[in-house]
Each structure stands twice: as C-alpha cells, then as structure tokens.
2 protein chains.
Amino acid sequence: MALQENVRTHIDCGDCPIRHRAVCARCESDELKLLEEMKYYRTYEAGQTVIWSGDKMDFVASVVEGIATLTQTMEDGRTQMVGLLLPSDFVGRPGRDQAAYDVTATTRLTMCCFRKKPFEDMMMNTPHIGQRLLEMTLDELDAAREWMLLLGRKTAREKIASLLAIIARRDATLKLSNSRGQVVFDLPLTREAMADYLGLTLETVSRQISALKRDGVIELEGKRHVTVPDMERLLDETGDDTDGGVFA
Amino acid sequence: MALQENVRTHIDCGDCPIRHRAVCARCESDELKLLEEMKYYRTYEAGQTVIWSGDKMDFVASVVEGIATLTQTMEDGRTQMVGLLLPSDFVGRPGRDQAAYDVTATTRLTMCCFRKKPFEDMMMNTPHIGQRLLEMTLDELDAAREWMLLLGRKTAREKIASLLAIIARRDATLKLSNSRGQVVFDLPLTREAMADYLGLTLETVSRQISALKRDGVIELEGKRHVTVPDMERLLDETGDDTDGGVFA
DNA sequence: CGTAAATTTGAGCCCCTTCAAGTTAAGTGG
DNA sequence: CCACTTAACTTGAAGGGGCTCAAATTTACG
C-alpha cells in the first residue's frame, strides 16, 4: 500500500467533477478520448510536496480534488506563496521542462496528470485545449495582479479580511448559502501558510484573526472553523470597493 | 494638429520593430494581411492616460514604442502598479469589454491597436495568434509571481535594487553592453511611479536610492541617469540567487 | 497520558511611513 | 536672459505597524 497509495484507478472523463471547468472543459468527446489515453491519477497526502522548484517536469496536471500551494523561496528562507491551486486549476507550463515553483499539497490532493509530450502535441492539433488554457491563464493573471495590490498596499488587517472573504466566497458558491447572510467554512491553511500567502509573519496573522474575532467580524470554533455572521461587514474590512461595482 | 496628434500613418507590418516579439510574431504573411486591415496606430504623450479602469474597450493593442504602466487604485487613493508595458507587450483581454486597470503612458507611447471584434474572430480561426498570446500571458504570469515575492518579502533596499537590475538588464540586452561590466541607463519612471511599483512611499524610494549611491552600488548624474559600475554587486543587493542558476 | 506541532499572547525594537521643509530642475512668460 | 512657477526630488524628525524573540497555551495524535 505504501508504494501504491498515490496511484488511482482510472476515472471516466464524463464522470469527472471538474469536467466543465478544467483545461479540458471545451473538449469534444473525441478529444476526451485522446486525453483519456495520456492521463493518469496521482494522490498526495496533506503536507506532501508534489514538485520541487527546479525539478524536471514530465507532466502537466489538473487539480481534481483538494488544495495545493505554489510557493517561491529565497536563499535565506523567506517564502512567498504565489498561487493557491483549487479543483480544476492547472499545474505546469507547456513548453517548459523544469518547475518554476514548489507545489505542496495542503490537504489530501488528487491530480489528473497528462504526460507532457503527448499533451503538447495535442495542443498543437486541437485548438480547444489552448483556448481554454489561455482563458484560465488570463484569469490567473488577474488574480495575481489583485494579489499584488494586496501585498503592496493593504494593511495586515485588510489582508486577513481579504483572504477570509475569498475563501468564504468560494465556499458560498459551492454550498449556495446566501452570500450576504451568514457564511460558515473551514480554513484550509495553517497560520504559517496564510502568512506566506499574505506577506506577513504567522504571529501577525494570529493577532489579526484574534482582533477580527474580538471585534465581532468573525466567530471561531477551534482554530479552523470560521463563522462570518455578516458578510457585508467582512467585506468592509478588506479595503476593496464595497458596492461590488456597478461597473466591475 | 491638436486633434490629429494621436493618429499615425499606416506602417507596414513587415517593417514593424516588434514584428517578431508581439502577439503577431507567429503570423504568416496572409495572416498579417488580415491584421493590417483591422489595425490602426495611436500615440500618447508622457503622462497621458490611455485607458481608465472600467472604461469600455473596443480594441486590444500592442505597445510599439515607449513605456506604459498598468495600475490599480483603491478608494482611498492607495495605488499599486501591477504591470509595466514595454514594446511588444499586449494590452487588453479578448473576451472582456471593460478595462480592468488604468493604463498610463510614462513616456511618449505608440500603440498598434486592433478593433476588438475582428481580432477575436481572427483568434477563433487562426491558431497562431492564440498560441502566441498564451505564451506571452504565461510569461506575464511568471513576471507577476516574481513581483509577488518582491512585494511580499523583500526589504526596501532589495526592492530598489531589483527594479534597477530589471531595467539595467533590459537596457543591456538592447545595447549589448557586457552584462557583467558597467551598465548605464535612464530611469523611465518617476520616484512616485517606482514607489507604486514597489509597494513603498516615494520618500523611501528616494532614501534607498541615495543609500545605494552612498554605498557605491550605483552612480547618479542628475535624477534619472544611472551608472552601475559593477552589475554583480547590484545583483547581490536584490536578495535573489546570485549564481543566476545552473538550473534556472 | 505524553509529546510535538500549531497557535496565541506578550514585550521591545526597527524599518518604513507620515508629516514637514528644503532643494533641484524644468519650463514659461515678461 | 532672468524672475517666477511648479513639479520632481531630497532630507529630516517623529511615530507606528508589523517583526523578532520568547513563553504560554491549545490541539492532535500515538
């Protein structure tokens, strides 16, 4: 079992939970057939490293289930998370054979991997994959730029509120709770991972979470289970446009 | 002349200085012909706003000459630059009709604009444009992530050194000076623009530039003309891997 | 129940910001 | 050509937000 634990039996693309959002979203059934042939599943335990920066990558992949992080590290150990990978997100870059970032599973993680060479060949011949990948990459670029604003200009309190709002919003769409009422979710990240995401120390993260709790913006059960009694109130704390934008 | 100053006569794609690096880089001559029909040039003076965030965008464009910035602003005025647009860089997003960021010319700027609808149609039919755009977007995403590390984890001194190194390196490739010896260039940005890029105040930028000058890392003539006597030394100050990477 | 990891909390300090003033540089009109 | 104006930049002094170092507390788990 030890050796086999990160190998999974084959799943039919038609039954895949990320079928309509992943890089394969636009593929026709004949294209899916080709993908079926080059794909394989791998699973990782929480905390396991999926890829080390600089490693040779002979595959690209989609996150099927679980959460992973993309991080960059300086020589002296300073670490910055540069991406949070959720189900349907894409890992790896066609045309590059060495990983640029560390990829780490923060929960149990299942990935749908494609052997790189066949995948690249397919990208050349079928536009649907490249089109979808472009769309996803543009979305990621927008997310990265939003994060640049957070890292460069927001206060610690605003940073925490922003992170909580993002997680809350994501969970709200999944659980279809009324997004302006009470929202409940579990933090998928440790305080240290949050610090690495927000460009803070873990102590500051802890202090600001305590402060938000003290001020009634959030409620905590244990360390990870969060209740947001008033989403509007949390959004006020992020520093972002409140109205959500007639134009946005 | 006032009304006409931002309109330019037609330039043949074959003679275009960014022909081999822009979004059109992979196009065949028949594809270029199609682009010729939907393109037009516009120029802007230094300081002029090209697009306001939220504006309706009926075109996408390539920077032909000059430098522009992409910035995001919070309600209270805090601003963060999220991109620096150099010749051959692409502006706008196919499939989106409202600008997500402010675009401002920092020098005299010439752009090659494509009417959006025809451009999008062409992307559907000719893969070369989409392929190149994907490549460029992935590069931008990498740049944005490198910037996240800078914003989140670097000190003010390291931030300044990193910015100078990027500009120096870019100018070095253009002027083919020996990249490990003396490098000379002009800063294309004001202190305030640098501050907005680096997530600092303009006072801190000024102080750190003075400090680097005092320490002999750079020499200044006037406010904008910079000489780097020892590029290696400057790179040491950035906090990045010195060796440049056997693996990188 | 015991150990280690995750988290919280405290105290002091330092880097960067804020506020303020002074200096340099680049026009502009007389 | 020079006074005037304004934007860009530099420098100083003081304060604060987040960091560092340290210890206590909670939680997870064998």
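Protein chains get the first letters and strands the later ones, always in sequence-line order, with residue 1 at the start of each. Just so it is clear, the model here is predicted, and its values are computed rather than measured.
Donor-acceptor pairing under 3.5 Å, judged by distance alone, is absent between the side chain of Glu192(B) and the base of dC9(D). Donor-acceptor pairing under 3.5 Å, judged by distance alone, is present between the side chain of Arg207(B) and the base of dT18(C). Evaluation of atom-type donor-acceptor distances gives a pair under 3.5 Å for the side chain of Glu203(A) against the base of dC21(D).
Whole-Å rounding puts the Lys223(B) NZ to dA26(C) P distance at 10 Å. Atom-to-atom, CG of Leu187(A) to P of dA6(C) comes out at 15 Å; the value is rounded to the nearest Å. To the nearest angstrom, C1' of dG17(D) lies 15 Å from CZ of Arg153(A). Rounded to a whole Å, the CD1 atom of Ile209(A) is 6 Å from the P atom of dT8(C). In this structure, Arg214(B) places its CZ atom 8 Å from P of dT11(D), rounding to the nearest Å. Taking atom CZ of Arg157(A) as the reference point, atom P of dG18(D) lies 11 Å away to the nearest angstrom. To the nearest angstrom, P of dG18(D) lies 7 Å from CG of Leu200(A). Between Leu212(B) atom CG and dT11(D) atom C1' there is a gap of 16 Å when expressed in whole angstrom units.
Comparing Gly222(A) and Ala156(A) along DNA chain D, the residue whose closest nucleotide (by nearest heavy atom) sits nearer the 5' end is Ala156(A).
Taking 4.5 Å as the limit, every side-chain heavy atom of Thr238(B) sits out of range of all side-chain heavy atoms of Arg157(B). A 4.5 Å side-chain heavy-atom check between Asp142(A) and Tyr101(B) finds at least one atom pair inside the cut-off.
For Arg224(B), a side-chain nitrogen or oxygen approaches OP1 or OP2 of dC9(D) to under 4.0 Å. The phosphate of dC19(D) (OP1 or OP2) has a side-chain N or O of Thr204(A) nearer than 4.0 angstrom. Put simply, Ser206(A) has no side-chain N or O that comes within less than 4.0 Å of OP1 or OP2 on dT7(C). An OP1 or OP2 oxygen of dA6(C) is reached within less than 4.0 angstrom by no side-chain nitrogen or oxygen of Thr190(A).
Using a 4.0 Å cut-off between charged side-chain N and carboxylate O, Glu45(A) and Arg108(A) make a salt bridge. Looking at Lys154(B) and Glu237(B), no side-chain N of the basic residue comes within less than 4.0 Å of a carboxylate O on the acidic one, giving no salt bridge.
Side-chain contact, Ser53(A) with Asp102(A): no donor N or O sits under 3.5 Å from an acceptor N or O.
Nucleic acid contact class of Gly199(A) (heavy atoms, under 4.0 Å, all strands): sugar-phosphate only. Residue Leu202(A) is in base contact, counting any heavy-atom pair closer than 4.0 Å across all strands shown.
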